[in-house]
2 protein chains.
Amino acid sequence: MMVLEQLDKINRQLRSSNYKLTPQREATVRVLLEYEQEHLSAEDVYMLVKDKYPDIGLATVYRTLELLAELHIVEKMNFGDGVARFDLRSEEHTHMHHHLICTVCGALKEIKDDWLLELENRLQQEYGFKVTDHRLDFMGTYHTCKSSECKRASKAIS
Amino acid sequence: MMVLEQLDKINRQLRSSNYKLTPQREATVRVLLEYEQEHLSAEDVYMLVKDKYPDIGLATVYRTLELLAELHIVEKMNFGDGVARFDLRSEEHTHMHHHLICTVCGALKEIKDDWLLELENRLQQEYGFKVTDHRLDFMGTYHTCKSSECKRASKAIS
DNA sequence: TTTAATGCAAAGTGTTTGCAGGGCC
DNA sequence: GGCCCTGCAAACACTTTGCATTAAA
């Protein structure tokens, strides 16, 4: 889907809840679209938006991300490093939030597969629990990742 | 396993890394043992320890929990509500950190099953990634949990 | 003109750190 | 005596909030 289509769709989602796609919000959404593959923190988003819209305030970015999360346009997630990270929720992402987190180099890779449908059916039947979302993270190490050669900043989460 | 046995075991784990089981640390561990089924925040632990050991400082509790987490005696986890939560890691818990999180009432239930061994083998073969741990959370709702009748504080995480 | 949205600065929250004092090999 | 551990308070990092101003319908 093209950027303009996506912007338009998000615009409609906002309007249908009586919110406006202000220039600040649009700039924020554009950054999220541009960095769709990353898991940006609010600070990251702020810095990137500032390039295009230097007068934006940090609070506005936080408020925008919060709003988008409420409307399920972005997903707010948390990798335990004390900062929230934000991802556009494209349809294909739903039910595919699977991460491999390397404990040596901190690399974070997304796996796009839906492994858990069967399990979710079981939960519905055995526990009476209807799953609307899930998250699945694996911690471990890559075979190629010897601690000696692979010491990049472990904050390099993408 | 009895409390004293467990304390003794933890004592040995500490000593083997040159740490002491001080009275403050013992009081903290006792609280963790007593509330093994819960997912206590540092603040929770602090309040509970204070009952038995009123002079303890919050920083000591944080330091103790951090230390125990480093030694893998407790597990530090994060449910996205901005507070770290701590759990004693009994052997049976390893690889069984599966949670059902109800988005209506906030109830958090632990499921003790190991569903992912097969998946982890696949990750090792297909991705060259050796899994040492994982976490799996399901968000959704219980059939019995109508939003009308079930509105307890959503911070009631246990 | 009425309401929503913004920027800034201040406040808030959970957590960590510096440091002087205390206890234990 | 040296070293680890503690309590306290201050510092910290991330996030939220109050408020006066601005932009939009």
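Each chain gets a letter, A, B and so on, in the order its sequence line appears, and its residues count up from 1. Worth knowing before you read on, the calculation uses all heavy atoms, side chains too, and leaves out hydrogens, waters and symmetry mates.
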**Q** Assigning hydrophobic clusters by single linkage (Ile, Leu, Val, Met, Phe, Trp, Tyr; side-chain heavy-atom cutoff under 4.5 Å), is A/Leu4 placed with A/Leu68?
**A** yes
**Q** Nearest whole angstrom, please: distance from the P of D/dT22 to the CG of A/Asp55.
**A** 13 Å
**Q** Verify, without hydrogens or angle tests, whether A/Thr64 (side chain) and A/Thr60 (backbone) share a donor-acceptor contact under 3.5 angstrom.
**A**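 Side chain of A/Thr64 to backbone of A/Thr60, a donor-acceptor pair under 3.5 Å: yes, one is there.
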**Q** Separation of A/Met47 atom CE from D/dA13 atom P, in whole Å?
**A**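 That distance rounds to 14 Å.
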**Q** Under 3.5 Å, side chain of B/Asp44 to main-chain N/O of B/Ser41, donor-acceptor pair present?
**A** yes
**Q** Between C/dT16 and B/Tyr62, is there an OP1 or OP2 to side-chain N/O distance shorter than 4.0 Å?
**A** no
**Q** When you measure only distances, ignoring hydrogens and angles, does the side chain of B/Arg63 come within 3.5 Å of the base of C/dG18 through a donor and an acceptor?
**A**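 For B/Arg63, whose side chain was compared with the base of C/dG18, there is a donor-acceptor pair (under 3.5 Å).
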**Q** Among C/dT16, D/dT16, D/dG7, find the nucleotide with the atom closest to the side chain of B/Tyr53.
**A** D/dG7
**Q** Quick check for you: among C/dT15, C/dG7, C/dT17, whose closest atom lies nearest to any side-chain atom of A/Ile56?
**A**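 Selected nucleotide: C/dG7.
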**Q** Are the charged groups of B/Glu120 and B/Lys130 less than 4.0 angstrom apart, N to O?
**A**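 Between B/Lys130 and B/Glu120 there is no salt bridge, as every charged N stays at least 4.0 Å from the carboxylate O atoms.
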**Q** Between B/Leu58 (CG) and D/dC12 (C1'), how many Å, whole number?
**A** 14 Å
**Q** Inspect the contact between A/Asp87 and A/Arg85 and indicate whether a charged nitrogen and a carboxylate oxygen are less than 4.0 angstrom apart.
**A** no
**Q** Using whole Å, report how far NZ of B/Lys50 lies from C1' of D/dT6.
**A** 13 Å
**Q** Check the distance between C/dG14's P and A/Asn78's CG and give it to me in whole angstrom.
**A** 14 Å
**Q** Mind listing the residues from residues 13-35 of chain B sitting with a heavy atom below 4.0 Å of DNA chain C? Number order is fine.
**A** none
**Q** With a 4.5 Å cut-off on side-chain heavy atoms, are B/Asp51 and B/Val31 touching?
**A**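 No; the side chains remain at least 4.5 Å from each other.
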**Q** Whole angstroms only, please: what is the OH-C1' distance between B/Tyr46 and D/dT6?
**A** 13 Å
**Q** Do we see a donor-acceptor contact under 3.5 Å between the side chains of A/His98 and A/His134?
**A** yes
**Q** Pick the closest DNA chain C nucleotide for A/Leu67 and for A/Ala59 by heavy atoms, then say which residue is nearer the 5' end.
**A**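 Looking at the nearest nucleotide for each, A/Leu67 comes out on the 5' side.
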**Q** Taking atom P of D/dT15 as reference, at what distance in whole Å does atom CG of A/Leu65 sit?
**A** 10 Å
**Q** Please determine if a side-chain N or O atom of B/Thr60 lies less than 4.0 Å away from the OP1 or OP2 oxygen of D/dT6.
**A**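 No.
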**Q** Distance check needed: C/dA5 P versus A/Glu66 CD, whole Å only.
**A** 15 Å
